[in-house]
Amino acid sequence: MNLKKMNKGLDFLRDKYDAAKGEITVKDGHCYVGAVPLLPGRMERKIVELKKMTENGTLEGVSTLRFAAFVPKGADIEEVLAKELDLAAYLGASDVVRVMAAGNGEAINVLAKLANDVNVSVEVAASLPKGEAAFDRHEIIAKRGVACDQTVDTHTPHASIRCYGAKGAVEYTDVDTELFGLTYEEIWNVRAAFALLQKRADAKVWKSAWAKAVKAADLAFKADKAKTAKTIAVKKGLDTNQSIKVAEVR
Amino acid sequence: MASNLVNHVNPVKKERQYFMKAVKIAMMGMTHGHTRKYYQTLLDNKKLDWIASCAQDEDAKKTYELYQTGVPCYLDPEEMYEKHPDIEAVVIASANDKHFEQMKWCAEKGIHILSMKIPTFDMAEYDAMIEMCDKAGIVCQIELEMHYNSVVRRLKKLIADGAIGKIKSFQATNITLSPVWAFPWQGDPKASFGKVSRLKKGDERFKGGALCDHPHIFDLIRHLTGSSFDYIYAEVAPNLRDGLKVEDMLMAVGKMKDGTAFLFDPSWSRLEEKLKVPGPGWERFPKRMEVNVTITGEKGMITCDCFGPNVYHNGAPNDRYTVQYTYFDEWIGLIDEFVDCIRNKKTPLINLKWHKESIQAMLGCYESIESGKIAKI
């Protein structure tokens, strides 16, 4: 991630839409604004659309979430798993209360349970060659309807552009006109920082949500070692899975 | 090589440029299919102050009120202007045959104009529009929102950077469902094409259908090649929709002056439910709208889906497989450019003079359909 470019993008959005001052920093590979961990996954537009579908009646009676995330070799799979478990809680609108996992080196397969009885599976692997773009999949299976961020009959993401030039085939997927030129990961971190600075995202909620996700991911690895499911006590209080108001652009 | 490439908003270079007085803006007509797409942007953009709307009729006003924008809506433009004499700019969101009189109304008052994608198909009217906007010294930007699509921006960059060399062939679709059930004027030859004119001898249909809804690809090829239309040949196919007075299926082939061969599909080839107000479940085919481009160059080729990837579901209301559009922020860049042109006295990328040749190429399609021969542009 290019922090300088990201903060320039953030300054542009803050200026344009009158948001508070602030800057993105990185600690242990995770982005923050001040002491608040960013949740860029919640800002990805595909996740925003999926969340909407769980709330506006498009999907009824969510039963199971099937997630996957594949990243280049050397990436921190515990961080990746934490992100996916946070998205599971967010899209499932309920906290993770139990995790079981089977891991092997750079891969881990997790079966989790949400407090509302929804099942979650997450496959994570740091198996892509270095330099390859990471990809993921989020499928929500409900009594009425299935929603997914990959189209039917495919198992890898569709790209907006495929250019067959002198360098062979190169794919491009540009997703944000205002932040054109930033990478996918950079864009959603900037959007997450912007949401915090606009007060559309709640700092307390994100701190708490990320702490829960990190804990659940840690327990998943412990469950793998112990060959026993690990339980997480649900604490009453802050609902960390409510949707964030995202600027509607259509 | 590509020319006339858009000077897009650059998030890095444009910082601190927005300390300018908000443009007081209004909307007129409220019957165009794109009307609703402006609401969020006009409300969110701090460079704008959306102060009034004026609907064509009671029906349009009722539909407008469903969206609860909080912006007052009038039925008489004079009443709107009397109550809001500080209007600086207007989005003319009306049927094509209303554009001339509404542009004239704006030009007489020195009000800047954001026009829908077809100003008019009457070239005498078109020239008069250019003249009156020039005389009034106002900005008249044509709404071709594809230029603010991030995929198109990448496409322009790749072509400009020479990723596939000089363009040899260009194939593009601009295919959608038909909006006629929600916006009946788009199926009315007079309102859409400007006059009642048969497609060709012996054909019961009239000009004014799918072609009039899809100018983007006629524009995009000019930007990407930097060339002009040479000739065009078009054919209409049998309609998919019974009872429609205008064409819904057609294709065109032709050449640009630099030799680029092209093939266009500007059809309403995706069926729809006959909804009065667009909303979930409008589409029967999973994807409502597609702009797909394939370009062959001297050194390679590009395939491009301007509205993908997305997310997908088969939930409510119709339990059919459906594309839920995900990346869709063209209106933000479009409005940013409009405000920039007004405040900084710039000429919009898509202005009346530039757009004229695209309209002429579309008219060439109708001419070819009628004659069965190529139309020189």
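In what follows, chains carry the letters A, B, and so on, assigned in the order in which the sequence lines appear, proteins first and then strands, with residues in each chain numbered from 1. What's counted below: heavy atoms across the whole structure, side chains too, no hydrogens, waters or symmetry copies.
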Is the ring pair B/F264/B/F262 parallel, tilted or perpendicular, if the boundaries are 30 and 60 degrees?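 Taking B/F262 first and then B/F264, their aromatic rings lie parallel (interplane angle under 30°).
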Please state whether the side chain, the backbone, both or neither of [X] comes within less than 4.5 Å of a heavy atom of chain A.
{"X": "B/L155", "answer": "both"}
{"X": "B/N310", "answer": "backbone"}
{"X": "B/F307", "answer": "neither"}
{"X": "B/P317", "answer": "backbone"}

Engaged part of [X] at the chain B interface, taking heavy atoms whose separation is under 4.5 Å:
{"X": "A/E139", "value": "neither"}
{"X": "A/V152", "value": "both"}
{"X": "A/D176", "value": "both"}
{"X": "A/Y17", "value": "both"}
{"X": "A/T58", "value": "both"}

Closest-packed option against chain B by number of heavy-atom pairs under 4.5 Å, given [options]:
{"options": "A/V175, A/V170, A/L13", "answer": "A/V175"}
{"options": "A/A166, A/G57, A/C163", "answer": "A/C163"}
{"options": "A/S160, A/G181, A/A169", "answer": "A/S160"}
{"options": "A/N56, A/L10, A/I140, A/V146", "answer": "A/V146"}
{"options": "A/A147, A/A142, A/G145, A/C148", "answer": "A/C148"}

Indicate the atoms forming the closest heavy-atom contact of B/V151 with B/C304, along with that distance.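 Looks like CG1-SG, 3.6 Å.
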Presence of salt bridge, [Y] and [X], under 4.0 angstrom:
{"X": "B/K37", "Y": "B/E145", "result": "no"}
{"X": "B/R320", "Y": "B/E283", "result": "no"}
{"X": "B/E143", "Y": "B/K117", "result": "no"}
{"X": "A/D86", "Y": "A/K83", "result": "no"}
{"X": "A/E49", "Y": "A/K52", "result": "yes"}

Carefully, step by step, assess B/K157 and A/D174 under the rule salt bridge (charged side-chain N to carboxylate O under 4.0 Å, His left out). CA-CA 12 Å; B/K157 186 175 181 334; A/D174 291 287; over 6 Å; no
Among B/N45, B/D305, B/I164, residue most engaged with chain A (heavy-atom pairs, under 4.5 Å):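 Highest number of heavy-atom pairs under 4.5 Å: B/D305.
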Heavy-atom pairs under 4.5 Å with chain A are the metric here; pick the option from B/G308, B/G300, B/P280 that has the most.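 Max contact count across the listed options: B/G308.
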Are B/Y64 and B/Y39 close enough that their ring centers fall under 6.0 Å?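 Here the rings of B/Y39 and B/Y64 have centres that are less than 6.0 Å from each other.
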Closer than 3.5 angstrom, by distance alone: can the side chain of A/D149 be matched with the main-chain N or O of A/H138 as a donor-acceptor pair?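 Yes, A/D149 side chain to A/H138 backbone: donor-acceptor pair under 3.5 Å.
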